[in-house]
Trainee: 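Let me begin by handing over the structure; questions about it come next.
Reminder, nothing fancy here: chain letters follow the sequence lines and each chain counts from 1. In this text the structure is predicted, and so the values were computed from the model without any measurement.
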2 protein chains.
Amino acid sequence: MGKEITIYDIAGQLQISPATVSRALNDHPAINVKTKALINAKAEELGYRSNKFASNLRKQKTNTIGVIVPRLNSYIMSTVLAGMEKIANEEGFNLIISQSLESQKKEIANTKTMFSSRVDGLLVSVAFDTDSFEHFQPFIKRKIPLIFFDRILENSNCPAIVIDNIKAGYDATSHLIKQGRHTILHITGNLKRNVYADRLKGYQQALTEYNIPYNQDFVWETDLSLETGKEVAQRIVSLKTLPDALFIASDLCAVSCITTLKELNINIPKDISVVGFNNDPVSQVIAPKLTTIHYPAKEMGEIAIKSMINHLKGNLDLDAASAITLHSELMIRESGIS
Amino acid sequence: MGKEITIYDIAGQLQISPATVSRALNDHPAINVKTKALINAKAEELGYRSNKFASNLRKQKTNTIGVIVPRLNSYIMSTVLAGMEKIANEEGFNLIISQSLESQKKEIANTKTMFSSRVDGLLVSVAFDTDSFEHFQPFIKRKIPLIFFDRILENSNCPAIVIDNIKAGYDATSHLIKQGRHTILHITGNLKRNVYADRLKGYQQALTEYNIPYNQDFVWETDLSLETGKEVAQRIVSLKTLPDALFIASDLCAVSCITTLKELNINIPKDISVVGFNNDPVSQVIAPKLTTIHYPAKEMGEIAIKSMINHLKGNLDLDAASAITLHSELMIRESGIS
DNA sequence: TTCAAAAATGCAATCGGTTGCAAAATCGAA
DNA sequence: TTCGATTTTGCAACCGATTGCATTTTTGAA
């Protein structure tokens with residue numbers, strides 16, 4: 001009943017040296033093809049499985065990539081992770097995934113764990129409140145590749161994979177303006193984070209371009225949760241004058257807001273047009289269907305992990321690919337049309 | 001610049017043996033308190049981090065738990081995983097997550113990877129088409145704990161964490177019946193899988209209880225996707241006589257179906273009542289709000305991983321907890337009320 | 001047949017902790 | 001002060017694969 005087979009067992013039975021067995025199993029060119037066949041057959045027969053710890057210990061590599069995300073269970077993040085896992089799996093890498101739950105403190109703890117787990121590389125999308133780069137320094141010092149995606153740390157001088165948030169914000173806003181809307185409320189997340197700051201920039205750019213004055217009171221910084229969507233709706237109807245459009249930086253929040261507004265007898269999009277963000281499946285099943293920005297989440301995951309793996313394999317210098325910006329796209333549906 | 005510190009470095013500087021250092025760092029009782037303090041201080045000073053491979057190699061443990069799920073990016077699964085990650089993280093375990101993408105073939109490959117990665121334990125929710133236990137045998141043989149959750153392999157004789165799918169199916173169906181509905185269409189997934197087979201059983205039980213004849217044509221086996229929701233709606237309106245209720249085993253599919261039905265001028269819930277499954281956030285933002293079964297996904301993740309960890313720590317015998325059934329709950333909202 | 005070049009294989013050290021057992025140091029009672 | 005009991009510490013052998021270098025075997029041209 002199952003004591004492990006090692007290369008020594010194979011070597012012993014075949015009367016050859018463990019070194020040859022090791023090389024054969026790794027398809028080393030200096031080993032005779034017949035010998036390789038023999039060894040592989042015997043390994044198969046004995047049910048050999050390589051001991052990764054011995055191998056890692058010797059090679060000082062883990063074949064494991066760490067991923068830290070704010071949360072696992074959002075449509076965007078789980079889709080990004082799905083993309084990452086698919087490629088990593090195909091390329092023979094393992095993924096260790098952990099979530100910061102939007103807390104810098106937990107992010108720091110996770111970073112330490114990743115570090116002492118000796119991941120070969122680390123992919124990070126930072127928490128809402130992360131404002132320090134300190135906890136990533138050990139990776140820099142040991143030259144362990146570090147790539148940010150989606151929510152990045154801009155002053156970090158690390159490679160980053162992002163979408164064109166400014167353009168996305170611009171597209172969303174100018175679409176609303178073209179529909180004849182002028183008082184556009186922008187509901188967004190923590191403006192410390194690039195994703196929200198940039199969307200705001202795009203929003204401002206569009207206003208400027210169409211000579212609409214920017215009003216700071218029209219930008220609401222929230223946590224973009226479902227509950228927030230409800231509260232926003234209630235707060236909107238209590239305003240002296242209703243806005244005629246909303247640009248909300250998350251579909252789920254937007255949808256929750258729309259639902260509540262409808263309950264409060266506001267007609268969407270007639271009274272208030274809405275544009276969301278992410279192209280969450282929910283955007284297609286709500287009435288009216290939500291105009292939104294398509295977020296290429298799967299592609300982002302794939303590209304991020306590919307960059308990492310290419311770098312680890314020495315195929316690609318990370319600095320050369322220092323900032324990859326993916327294209328997002330406005331999906332025009334009913335909610336944004338007057 | 002960064003060559004690794006080992007216990008030998010610490011031992012050298014302190015003029016003591018590496019064995020003592022190792023024991024001190026692991027808080028071994030035989031080591032003098034003062035010595036421990038000395039060693040810990042020095043370790044801190046030098047920026048020592050333990051080499052897990054050396055440790056794993058010697059201890060034959062990895063502190064890593066493998067998880068295989070059909071897909072990462074569904075509401076239920078990402079929530080289950082979020083629960084697992086949280087606990088694992090707190091307990092100092094790493095999670096290696098991979099997805100089978102509903103293919104037994106990929107599931108087998110992932111199982112092999114997990115096996116050769118030498119995970120300490122494996123948590124699995126099987127793919128749509130998995131019909132063999134073969135690929136899990138290596139785990140059984142080596143006595144590596146294996147726990148199934150949600151989608152389980154019933155003849156496997158392995159511990160399993162599930163919800164009471166039969167009761168859930170019963171609750172959903174009898175609720176519809178109590179609303180005066182009699183021709184209840186059941187849209188479900190692959191009936192090979194316990195989750196769908198059991199919900200069907202519950203559906204049948206409810207019919208029987210209320211003396212409604214069971215009609216096999218009223219059970220549609222699908223992939224429960226968004227597209228399927230649309231198709232189902234179209235197929236329904238083309239029926240000679242409309243059903244007066246739907247019990248759909250996934251909220252996302254249900255919501256997509258409702259949306260399409262509404263476009264086809266069917267009134268929900270007046271013409272057709274609908275009950276979904278999962279209590280996906282989307283169920284609260286659609287109009288009408290979806291009556292559904294709350295799925296305790298986070299709890300399931302937490303309990304599954306806790307069982308595993310307890311077992312690994314020797315606190316709990318797995319067989320003793322051989323089948324944990326979590327309670328699900330009918331969430332009555334608008335769509336199921338006539 | 002001979003011998004240098006090329007191909008294939010083996011030796012032995014190494015990666016960094018862990019742990020059974022032996023040895024040393026300390027303690028305490030007589 | 002002495003000596004057995006108790007605490008602490010050290011020795012050295014692992015865990016299993018990898019790899020630089022040396023050695024052996026094979027190949028093929030002279």
Trainee: In plain terms, say whether B:Arg193 and B:Glu154 are close enough for a salt bridge, that is, a side-chain N and a carboxylate O under 4.0 Å apart.
Mentor: no

Trainee: Return no unless some side-chain N or O of A:Gln60 is found under 4.0 Å from OP1 or OP2 of C:dG16.
Mentor: yes

Trainee: Within this structure, what is the CG-to-P distance between A:Leu57 and D:dT18, rounded to whole angstrom?
Mentor: 11 Å

Trainee: With no hydrogens and no angle check, do the side chains of B:Tyr48 and B:Asp9 hold a donor and an acceptor under 3.5 Å apart?
Mentor: no

Trainee: Strictly below 4.0 Å: does A:Asn26 bring a side-chain N or O up to OP1 or OP2 of D:dT18?
Mentor: yes

Trainee: Quick check on DNA chain D: between A:Tyr8 and B:Ile16, whose nearest nucleotide comes earlier from the 5' end?
Mentor: B:Ile16

Trainee: If each of B:Thr20 and B:Lys59 is mapped to the nucleotide of DNA chain D with the nearest heavy atom, which maps nearer the 5' terminus, i.e. the 5' end?
Mentor: B:Thr20

Trainee: Take a 6.0 Å sphere around NZ of A:Lys298 and say whether it holds more than 12 heavy atoms from other residues, nucleotides or ligands.
Mentor: no

Trainee: B:Ser22 side chain N/O closer than 4.0 Å to the phosphate oxygens (OP1, OP2) of C:dG17?
Mentor: no

Trainee: Please report, rounded to the nearest Å, how far the P atom of C:dT18 is from the CD1 atom of B:Ile31.
Mentor: 12 Å

Trainee: Rounded to the nearest angstrom, tell me the gap between atom CD1 in A:Ile39 and atom P in D:dT18.
Mentor: 13 Å

Trainee: Output the rounded distance in Å from CG (A:Leu14) to P (C:dA8).
Mentor: 17 Å

Trainee: How many Å lie between CD on A:Glu4 and C1' on D:dG16, as a whole number?
Mentor: 11 Å

Trainee: Quiz question: by atom type and distance under 3.5 Å, do the side chains of A:Asn110 and B:Asn89 form a donor-acceptor pair?
Mentor: yes

Trainee: Would you kindly give the CG-to-P distance between B:Asn32 and C:dA24, to the nearest whole Å?
Mentor: 19 Å

Trainee: Side chain of A:Ser17, heavy atoms from C-beta onward: which of C:dC11, D:dT8, D:dA17 has the nearest atom to it?
Mentor: C:dC11

Trainee: With a non-hydrogen cut-off below 4.0 angstrom, is B:Asn56 in contact with a base, only sugar-phosphate, or nothing?
Mentor: nothing

Trainee: Do nucleotides 20-25 of chain D as a string where each nucleotide becomes B, S or -: B if the base has a protein heavy atom under 4.0 Å, S if just the sugar-phosphate does, - if no protein is that close.
Mentor: BB----

Trainee: Rounding to a whole Å, what distance do you find between A:Lys61:NZ and D:dA17:C1'?
Mentor: 15 Å

Trainee: Counting any heavy atom closer than 4.0 Å, what does A:Leu25 reach on the DNA or RNA strands: base, sugar-phosphate only, or nothing?
Mentor: nothing

Trainee: Check every strand shown and say whether A:Ser55 touches a base, only sugar-phosphate, or nothing at a heavy-atom separation below 4.0 Å.
Mentor: sugar-phosphate

Trainee: Determine whether the aromatic ring centres of A:Phe136 and A:Phe148 lie less than 6.0 Å apart.
Mentor: yes

Trainee: Can you check the B:Gln15 CD to D:dC11 P distance for me, whole Å?
Mentor: 12 Å

Trainee: Scan side-chain atoms only and decide if B:Lys86 and A:Gln99 contain a donor-acceptor pair under the 3.5 Å cut-off.
Mentor: no

Trainee: So, are B:Asp129 and B:Lys192 salt-bridged, with charged N and O less than 4.0 Å apart?
Mentor: no

Trainee: Between C:dG16 and B:Ser50, is there an OP1 or OP2 to side-chain N/O distance shorter than 4.0 Å?
Mentor: no

Trainee: Please report the C-alpha distance between B:Lys306 and B:Glu91 in whole Å, then the side-chain angles of each, then the deciding distance to 0.1 Å, and finally whether the salt bridge (Lys or Arg N to Asp or Glu O under 4.0 Å) criterion is met.
Mentor: CA-CA 9 Å; B:Lys306 273 182 192 163; B:Glu91 297 282 340; over 6 Å; no

